[in-house]
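Before any comments, here is the structure.
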Protein chains: 2
Amino acid sequence: MNHKSLLDYINKFISLTVEEENILLSKTTNRRYLKDQYIVQQGDVCKSVNFIISGCTKTFYMDQEGQEHIVMFAIEDWWTSDLGSHITQTPADFNVQCIEQTQLIQFTYDNLEELYKEIPKLERLFRKIVERAFVASQKRIIRNFSLSAKERYQVFKTTYPKIDQRVPQYMIASYLGITKEFLSKIKSQIIQGQ
Amino acid sequence: MNHKSLLDYINKFISLTVEEENILLSKTTNRRYLKDQYIVQQGDVCKSVNFIISGCTKTFYMDQEGQEHIVMFAIEDWWTSDLGSHITQTPADFNVQCIEQTQLIQFTYDNLEELYKEIPKLERLFRKIVERAFVASQKRIIRNFSLSAKERYQVFKTTYPKIDQRVPQYMIASYLGITKEFLSKIKSQIIQGQ
DNA sequence: AATAAAAGTTAATCTAGTTTAACTTCATTT
DNA sequence: AAATGAAGTTAAACTAGATTAACTTTTATT
């Protein structure tokens, strides 16, 4: 069952009755995207919060000069969305695009609002999820300021070994805030023992 | 009344009955800190989430080399804490220190857990607060990557004009991720019309 | 199997921001 | 009013990482 990984995930934070689980699932949609398809497009209002069953996405910002800046990757058991756009229902700053064929469970804005009413415990679930996301984001800001590019890459590799293997190198460079050329140099330095 | 600004703030997100307001206030502590005092110290477990009535704080990380990296400032009507330490009750990564004499309303870990049980609506309140904080944090990551130091300073000045005026320049440099010398150069460039 | 396109590498040159250090201005204490 | 220290400035020398550009390897398409 596709829903199993979502219910298992939720169960780590709160416990739902079978009835509540059914309500929850009835208000979500299982959806498949192909490689390169967009889940959210910069400028559009983000219509959903998405739990990934399988696959991999990147969330990025396209700047004035047409340069892509990746804010996050997401894989199985992670959430993806433009949360800023979702909560305010205003145009998205970010794009969310599939790097692989991706299957996800979508919570649309309206459905999620209804779910909060019908199962107030979900407020607690999402509070906890967003708390963790916020903490990770703050730590990343600090790492970007206090570590060199090489150190940041090493932290990335040990923190997200799965993503490091799955994602093309030029996207990792973008996530780290450096050019693909410089990441290439860093990698060859590491191979030659610093 | 000191509590007024907190209750007004909360009222923007959820509505509480007078009774609920009283429960909430009964589980908080009004506290004053002098300039330079620490609310949270790196290495200690963070015992509270704090709403600022008056004053100003900085949240910073002290790195290996003893360098201070400021993650955020907080003034009246903002929250301050080491949220990562608070939610996991593990040693803090950050220091929270008062830049001015600061008065705040403290929610201790235990009291907040009790409040979530007694007034489940508060889950919604804090979900929304943290959502906003997370969104701001993500946007900051992008700004740090896609803008030059000068542009980041200009964004900071227009986004937080009050903080720009209140806080010593070397702390703003730290927040922007640059040296005080370079911020000084940037400011003189701006004065001389770019 | 051949070709094209996408991803990754290498090296030379360049630049935004750091480091160091001496100096000035402002605030606080006596 | 003098003195000490904290905050801010200026400028020269330096470096991490960007840019440009030519090249190689891998992957996808016919």
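A note on names: the letters A, B, ... follow the listed sequences, proteins ahead of strands, and every chain is numbered from 1.
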Open item on the list: Without decimals, in angstroms, what is the distance between B:Leu176 CG and C:dT18 P?
Closed with: 10 Å

- [ ] Just jot down the salt bridge (Lys or Arg N to Asp or Glu O under 4.0 Å) partners of B:Asp110, sequence neighbours excluded, or say none.
- [x] none

Open item on the list: Restricting to ring-ring contact (aromatic ring centres under 6.0 Å, His included), what partner residues turn up for A:Phe156, sequence neighbours left out?
Closed with: A:Tyr160, A:Tyr175

Open item on the list: Across nucleotides 25-30 of chain D, 5' to 3', mark each nucleotide with B, S or - according to how protein heavy atoms within less than 4.0 Å reach it.
Closed with: ------

TODO: Describe, as an angle rounded to 10 degrees, how the axis at the first end of the helix from C:dA1-D:dT30 to C:dT30-D:dA1 is tilted relative to the axis at the last end, five pairs per end.
DONE: 50°

Open item on the list: Run the side chain to side chain donor-acceptor pair (under 3.5 Å) test against A:Gln67 and tell me which residues pass, sequence neighbours left out.
Closed with: none

Open item on the list: Just the rounded figure in Å: distance from C1' of C:dA27 to NZ of B:Lys35.
Closed with: 10 Å

TODO: Take atom CD1 of B:Ile186 and atom P of D:dG8, then tell me their distance rounded to the nearest Å.
DONE: 14 Å

Open item on the list: Before you tell me yes or no, could you show the steps for B:Lys4 and B:Asp8 under salt bridge (charged side-chain N to carboxylate O under 4.0 Å, His left out), namely the whole-Å CA-CA distance, both residues' side-chain angles and the distance that decides it to 0.1 Å?
Closed with: CA-CA 6 Å; B:Lys4 190 178 179 302; B:Asp8 284 352; 2.7 Å; yes

Open item on the list: Checking A:Glu21 now: which residues fulfil salt bridge (Lys or Arg N to Asp or Glu O under 4.0 Å) with it, not counting sequence neighbours?
Closed with: none

Open item on the list: Can you list everything that forms a side-chain contact (heavy atoms from CB on, under 4.5 Å) with B:Tyr170? Sequence neighbours excluded, please.
Closed with: B:Pro168, B:Lys180

Open item on the list: Going by the rule salt bridge (Lys or Arg N to Asp or Glu O under 4.0 Å), which residues pair with B:Arg166 if we only count those two or more places apart in sequence or in a different chain?
Closed with: B:Glu76, B:Glu100

Open item on the list: Please report the distance, rounded to the nearest Å, between CD1 in A:Ile191 and C1' in C:dG8.
Closed with: 12 Å

Mind listing the N/O atom pairs, protein and nucleotides 9-13 of chain C, below 3.5 Å?
unit_1, atom_1, unit_2, atom_2, d
C:dT9, OP2, A:Gln169, NE2, 2.5
C:dT9, OP2, A:Ser184, OG, 2.9
C:dT9, O5', A:Ser184, OG, 3.1

TODO: Take the protein atom CG of A:Asn144 and the nucleotide atom P of C:dG17, then report the distance between them rounded to whole Å.
DONE: 15 Å

Open item on the list: Tell me every residue that passes ring-ring contact (aromatic ring centres under 6.0 Å, His included) with A:His69, counting only those two or more places apart in sequence or in another chain.
Closed with: none

Open item on the list: I need the CD-P distance between B:Glu65 and C:dT20, as an integer number of Å.
Closed with: 12 Å

TODO: Establish, with yes or no, whether the OP1 or OP2 oxygen of C:dG17 is under 4.0 angstrom from a side-chain nitrogen or oxygen of B:Arg152.
DONE: yes

- [ ] Counting heavy atoms from C-beta on, name the nucleotide in D:dG17, C:dG17, C:dA7 closest to the side chain of B:Ser148.
- [x] C:dG17

Task: Salt bridge B:Arg143-B:Glu151, side-chain N to carboxylate O under 4.0 Å - done: no

TODO: Would you indicate, yes or no, if D:dA18 has its OP1 or OP2 atom less than 4.0 angstrom from a side-chain nitrogen or oxygen of A:Thr179?
DONE: yes

Open item on the list: Checking A:Asp44 now: which residues fulfil side-chain contact (heavy atoms from CB on, under 4.5 Å) with it, not counting sequence neighbours?
Closed with: A:Gln41

Task: Rounded distance (Å) that lies between atom P of D:dA16 and atom CD of A:Glu151 - done: 11 Å

TODO: In plain terms, say whether A:Glu118 and A:Lys27 are close enough for a salt bridge, that is, a side-chain N and a carboxylate O under 4.0 Å apart.
DONE: yes

Open item on the list: Of the listed nucleotides (D:dG17, C:dG8, D:dA7), which one gets closest to any side-chain atom of A:Tyr170?
Closed with: C:dG8

Task: A:Tyr153 OH - C:dG8 P separation (whole Å) - done: 11 Å

Open item on the list: Please enumerate all residues that pass salt bridge (Lys or Arg N to Asp or Glu O under 4.0 Å) together with B:Lys139, with sequence neighbours excluded.
Closed with: A:Asp93

